[in-house]
Number of protein chains: 2
Amino acid sequence: MSKAADLAYERIRQKIITGAYGAGAHLKEEQVAEDAGVSRTPVREALRRLDAEHLVKFVPNRGAYVASWSTHDIEEIFVLRAMFEGHAAYRAASRITSAAIAELELCADEIDAQTPGQSERQRLNILAANQRFHGIVLDAAHSERLTKALAWLVEIPIILRTFERYSEKDIVRSNQHHREMIDAFRARDARWAQNVMDTHLRAAFRRYVVHGTENQN
Amino acid sequence: MSKAADLAYERIRQKIITGAYGAGAHLKEEQVAEDAGVSRTPVREALRRLDAEHLVKFVPNRGAYVASWSTHDIEEIFVLRAMFEGHAAYRAASRITSAAIAELELCADEIDAQTPGQSERQRLNILAANQRFHGIVLDAAHSERLTKALAWLVEIPIILRTFERYSEKDIVRSNQHHREMIDAFRARDARWAQNVMDTHLRAAFRRYVVHGTENQN
DNA sequence: ACGATACTTTTTGTATACGAGCGGACGGCA
DNA sequence: TGCCGTCCGCTCGTATACAAAAAGTATCGT
């Protein structure tokens with residue numbers, strides 16, 4: 001796509017994900033434009049796109065605010081994700097190639113390898129491998145629309161840094177789900193894959209809630 | 001939202017739905033701007049929104065084209081819709097008010113009343129009542145995100161004028177599904193409601209395909 | 001001292017003007 | 001005659017300038 005608009009889009013997105021723009025912050029077009037080194041026009045375009053992805057919220061004559069989510073919202077998001085990705089896993093079971101399955105296995109291996117210990121570097125590696133895993137499943141579903149519809153749902157947990165709340169035990173369990181899903185794919189058992197994915201995501205939400213109410217308020 | 005941008009948005013949307021802008025047509029910003037009586041800036045915004053809703057497709061340095069769908073795309077859309085709306089019906093079963101159920105019944109009555117005969121006026125009334133029915137179910141699900149995620153899926157069949165392909169018998173069957181869904185809601189049986197909705201939409205797709213291959217080509 | 005109102009400031013929304021990229025047409029060359 | 005390169009025109013992409021709307025502030029009246 002266009003140059004400046006994309007640049008603005010990426011910058012804003014990064015700043016939201018890293019937390020530089022906190023939840024609820026008022027994104028003033030001029031200021032953001034200066035940050036990205038472009039004019040207001042491409043910034044507006046970028047904000048529109050982010051609005052479509054639900055990362056920011058537009059208020060009619062007041063501009064864009066970075067989105068914030070209640071626990072209720074987050075449950076909604078996880079349930080939708082479970083449904084979507086469950087469906088993706090179902091479709092993937094009959095379509096996935098053995099090459100893709102091998103890749104999934106690499107992801108699971110990577111996660112296992114990085115699991116002992118809690119360094120920031122390791123957490124990021126695990127997060128990346130996890131994203132790859134889910135990405136591969138989604139691709140294997142061969143449903144472009146599903147992929148697009150899902151994109152924004154997948155990113156929100158990342159923004160919320162849910163992974164920061166996971167203990168070593170949580171990660172081990174999570175990766176056991178991954179392994180089981182691989183088995184289900186090998187068996188071409190769509191319902192099995194679907195159910196594992198559903199379980200996987202519901203468990204993730206549960207961990208989020210439990211650790212959340214412990215640490216936060 | 002803003003005035004001119006919304007106006008442009010509505011105008012373009014209408015022209016796409018009514019077919020004034022045919023599938024694959026190149027929407028030139030200047031021309032569209034003239035049509036709507038505003039400048040290019042709000043038009044660009046409107047096009048961006050429509051892009052997010054998958055009604056138009058952006059090509060990097062060439063602008064917006066109205067989207068077109070293959071039969072395969074349409075199947076994908078119907079399957080996703082069945083999943084989504086099925087889920088909505090599931091949620092609605094435990095949340096819907098008796099007032100809303102009464103409204104559903106009015107929609108079903110309206111459809112029955114308009115069914116005998118094939119006048120354009122009647123078709124439009126049936127279409128409207130059908131939309132209302134599905135809208136009420138969606139609202140009753142009380143899931144804002146679900147509603148938004150679904151919006152673009154629901155509209156595509158309307159744009160494709162799938163309803164024009166339905167025979168009187170199809171409509172009768174369709175409305176029987178509506179009645180059964182109402183029963184499921186009254187019984188607060190979530191799975192029942194979900195399955196009826198799923199059936200309802202799969203049948204709709206099937207009718208589309210059958211009548212399509214008969215009439216077209 | 002408190003509230004309301006008018007004015008100023010800030011920020012968004014819209015229009016227009018300018019620059020860049022792409023495609024098509026024309027002309028030159030083999 | 002057929003192919004390739006260059007040039008021109010069309011449309012998009014970006015910047016800037018201007019108008020409108022809302023928030024904040026100070027002043028006036030009660």
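Just so we're on the same page: letters track the sequence lines, and every chain starts at 1. As the structure is a computational prediction, the values presented were derived from the model and not from experiment.
A donor-acceptor pair under 3.5 Å links the side-chain atoms of B:Asp73 to the main chain of B:Ser70, judged by distance alone.
A salt bridge links B:Asp35 to B:Lys15: at least one charged side-chain nitrogen sits closer than 4.0 Å to a carboxylate oxygen.
B:Glu34 places its CD atom 15 Å from the C1' atom of C:dT16, with the value rounded to the nearest Å. If you measure from atom CD of B:Gln31 to atom C1' of D:dC10, you get 13 Å, rounded to the nearest angstrom. The separation between B:Glu45 atom CD and C:dT12 atom P is 12 Å, rounded to whole Å. Atom OH in A:Tyr65 sits roughly 10 Å away from atom P in C:dT11 (whole-Å rounding). Atoms CG (B:Leu47) and P (C:dT14) sit 14 Å apart, rounded to a whole Å. For the pair B:Lys3 NZ and D:dA22 P, the computed distance is 12 Å after rounding to whole Å. Atom CG in A:Leu27 sits about 13 Å away from atom P in C:dG13, given to the nearest Å. Following rounding to the nearest Å, B:Tyr9 (OH) and C:dG13 (C1') show an atom-to-atom distance of 19 Å.
Using cut-offs of 30° and 60° for the angle between ring planes, the B:Tyr65 and B:His26 rings count as parallel. Ring geometry for B:His134 against B:His178 counts as perpendicular: the plane angle is over 60°, on a 0 to 90° scale with 30° as the lower cut.
For B:Glu29, the listed nucleotide lying nearest its side chain is D:dG13; candidates were D:dA15, C:dT14, D:dG13. With C:dT12, D:dT14, D:dT11 as the choices, the nucleotide that has an atom nearest any side-chain atom of B:His26 turns out to be D:dT11.
Between A:Lys28 and A:Thr41, the residue anchored nearer the 5' end of DNA chain C, judged by the nucleotide with its closest heavy atom, is A:Lys28. For the pair B:Gly63 and A:Gly37, both in contact range of DNA chain D, the more 5′-proximal nearest nucleotide belongs to B:Gly63.
Counting all heavy atoms, side chain and backbone alike, B:Gln194 lies closest to B:Gly86 at CG-O, 3.4 Å.
At the phosphate of D:dA15, OP1 or OP2 sits under 4.0 Å from a side-chain N or O atom of A:Ser39.
Aromatic pair B:Phe84/A:Phe84: ring centres closer than 6.0 Å.
In this model, a donor atom of one side chain and an acceptor atom of the other lie less than 3.5 Å apart for A:Glu53 and A:Tyr9.
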Exercise for the section: Let me have a per-nucleotide readout for nucleotides 17-22 of chain C, 5' to 3', with B, S or -, counting only protein heavy atoms under 4.0 Å. Expected result: B---SS

